[in-house]
Amino acid sequence: MSEQKRIPQHVAIIMDGNGRWAEMRGKERSEGHAAGVEPVRAALRAAVRNGVKFLTLYAFSTENWGRPEAEVDALMELFCQCVVSEEQELVRQGVRVCMIGDRSRFSEKVRTALSNIEHRTADGKVLTLILALNYSSRSEITRAVRRIARRVEAGELTPEQIDEETLSRSLDTAAWPDPDLIVRTSGEQRLSNFLLWQASYAELWFPEVLWPDFTEQDFDRAVEEYARRDRRFGLVKGK
C-alpha cells in the first residue's frame, strides 16, 4: 500500500479540553476557547500538508447550550470573530467551509456570518472544512428519519425501499464520505453524540493533549497512527 493511500481522506476531531486547560491556569473558561483557535489553524495546515480532503471539527454540540450563559455568549462571539478574521486565509489555502447541525437556534448575527463564510469559500478545492455547530448525531438521525417519512407520505418512496443508503443520503453529511479517523483530544474516550452513524468503521484515537495545546505535530501523529491500523471492514485480511 502506498503512503498516499494510507492517508485518511476524512479526519474528524472532537476538540475537547478547552475548559480544563483554562481552569488549570486559573483562567476563565472563555479564555480556553479563545486559546483553541490557533490549534484549529494548526489542524488546517497539517490537513492540507498531509493531503487530507475533509476535516470535520466538533465545535459546538446541542448539549453545550446548557453551559453558563456567559460562556455560550463568548463562544458565539468567538465564532463570528473567527469567521471574519480567517476568511482571506481560508480562501488563500483553498479551503471550503461548510456547516452541519441545526443553525435555527443561532442568532441572526451568527447565521449571517456562517452563511457568508460558506458562500465566500465555496470555490475551495484543496480541503473541505466541515463545522459541526449546534450538532448532535441523534438529532441529525431524527431529522433524517423525518425527511424519509415525508417522502413516504408523499408517495415518493415505499417502506420496502428504505435501506442504509437512503438514510445516509438524508443525513447532514450526505455530500461527503464517512470519516476514516476520529480524534478526541484530552484523553476522554467517548464519541459524545458525534457522527454516530458515520463512525461505524472509523478508526478512533484518543490523545491526552488538551485541545489548546494541539499542534501540527499532533495531527501528524494522528495520521501516522491511522497508517499503522489494519482496516478490514469486517472482512478477513487478504480477502
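Remark: the backbone N or O of Val110 is paired with a side-chain donor or acceptor of Ser107 at under 3.5 angstrom. At distances below 3.5 Å, not a single donor-acceptor pair connects side-chain atoms of Glu216 with backbone N or O atoms of Arg45. The main-chain N or O of Pro68 is never found under 3.5 Å from a side-chain atom of Glu71 such that the two would form a donor-acceptor pair. Under a 3.5 Å cut-off, the side chain of Ser136 and the backbone N or O of Asn193 do not form any donor-acceptor pair.
The two residues Asn134 and Asp102 come nearest to each other via the heavy atoms ND2-O, 2.6 Å. Considering every non-hydrogen atom in both Thr166 and Ser170, the closest pair reads O-OG, 2.9 Å. For Thr121 against Val97, the heavy-atom pair with the smallest separation is OG1-N, 2.9 Å. In terms of heavy atoms, Val52 sits closest to Leu127 at O-CD1, 3.3 Å. Heavy-atom minimum distance, Leu210 versus Arg20: CD1-C, 4.4 Å. Listed here is the closest heavy atom pair of Glu140 and Leu171: OE2-CB, 3.5 Å.
Atom-to-atom distance recorded for Trp205:CH2 and Arg229:CZ is 9.0 Å, nearest 0.5 angstrom. Note that the CD1 atom of Ile117 and the CG atom of Leu131 stand 9.0 Å from one another [nearest 0.5 Å]. Between atom CG of residue Leu195 and atom CD1 of residue Ile100 there is a gap of 5.5 Å, rounded to the nearest 0.5 Å. Atom-to-atom distance recorded for Arg221:CZ and Thr215:OG1 is 5.5 Å, nearest 0.5 angstrom. In this structure, OH in Tyr58 is found 9.5 Å from CG in Leu191, a value given to the nearest 0.5 Å. Note: Asp218 CG to Glu225 CD = 13.0 Å, rounded to the nearest 0.5 Å.
Ion pairing between a basic and an acidic side chain is recognised when a charged N comes within 4.0 Å of a carboxylate O; Arg120 and Glu86 show no such pairing. Using a cut-off of 4.0 Å between Lys/Arg side-chain N and Asp/Glu carboxylate O, Glu89 and Arg92 are scored as salt-bridged. With respect to the salt-bridge test (charged N to carboxylate O, under 4.0 angstrom), the residues Asp73 and Lys109 do not qualify. Salt-bridge check for Arg111 with Glu108: failed, with every basic side-chain N at 4.0 Å or more from each acidic carboxylate O.
Residues Val183 and Phe219 form no side-chain contact, since every pair of their non-hydrogen atoms from C-beta on lies 4.5 Å or further apart. Residues Ile13 and Leu55 have side chains in contact (heavy-atom distance under 4.5 Å, counting atoms from C-beta outward). Counting heavy atoms from C-beta outward, Ile148 and Ile162 have side chains that approach closer than 4.5 Å.
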Practice prompt. Carefully, step by step, assess Leu129 and Leu57 under the rule side chain to side chain contact (heavy atoms under 4.5 Å, CB included).
Written response: CA-CA 8 Å; Leu129 171 62; Leu57 300 180; 3.8 Å; yes
Item to complete: Kindly determine whether Asp172 and Ile130 satisfy side chain to side chain contact (heavy atoms under 4.5 Å, CB included), including the steps that lead there.
Response: CA-CA 11 Å; Asp172 295 354; Ile130 304 158; over 6 Å; no
Practice prompt. Go through Trp197 and Ser168 one step at a time and tell me if the side chain to side chain donor-acceptor pair (under 3.5 Å) criterion holds.
Written response: CA-CA 8 Å; Trp197 177 275; Ser168 291; 3.0 Å; yes
Worksheet item: Do Glu156 and Arg147 pass the salt bridge (Lys or Arg N to Asp or Glu O under 4.0 Å) test, and can you show the C-alpha distance, the side-chain angles, and the key distance before you say yes or no?
Response: CA-CA 11 Å; Glu156 301 173 9; Arg147 293 185 188 110; over 6 Å; no
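The hydrophobic cluster containing Met15 also contains Met76, counting ILVMFWY residues as joined when their side-chain heavy atoms lie under 4.5 angstrom apart, directly or transitively. Cluster membership check: Val95 shares its hydrophobic cluster with Leu114, using side-chain heavy-atom separations under 4.5 Å among Ile, Leu, Val, Met, Phe, Trp and Tyr. Val40 and Val126 fall within the same hydrophobic cluster, defined by Ile, Leu, Val, Met, Phe, Trp and Tyr side-chain heavy atoms under 4.5 Å apart, directly or through other members. In the hydrophobic cluster analysis, where Ile, Leu, Val, Met, Phe, Trp and Tyr join through side-chain heavy atoms closer than 4.5 angstrom, Tyr135 is grouped together with Trp176. Clustering ILVMFWY residues whenever any of their side-chain heavy atoms sit less than 4.5 angstrom apart, transitively, puts Val11 in the very cluster that holds Ile7.
Ser30 and Glu28 are not linked by any side-chain donor-acceptor pair at a separation below 3.5 angstrom, with hydrogens and angles left out of the test. One side chain, Ser192 or Arg184, offers a donor N or O that lies under 3.5 Å from an acceptor on the other. Checked by atom type, the side-chain pair Trp211/Ser186 shows no donor-acceptor distance below 3.5 Å.
Between Trp65 and Phe106, the ring planes lie tilted relative to each other; the angle falls in the 30° to 60° range. Using cut-offs of 30° and 60° for the angle between ring planes, the Phe54 and His10 rings count as tilted.
Among the candidates Lys27, Arg29, His33, the single residue satisfying the side chain to side chain contact (heavy atoms under 4.5 Å, CB included) test with Trp21 is Lys27.
Remark: Arg103 CZ is packed, more than 12 non-hydrogen atoms of other residues, nucleotides or ligands lying under 6.0 Å away. Residue Glu69 places its CD atom among 12 or fewer non-hydrogen atoms of other residues, nucleotides or ligands, all under 6.0 Å distant.
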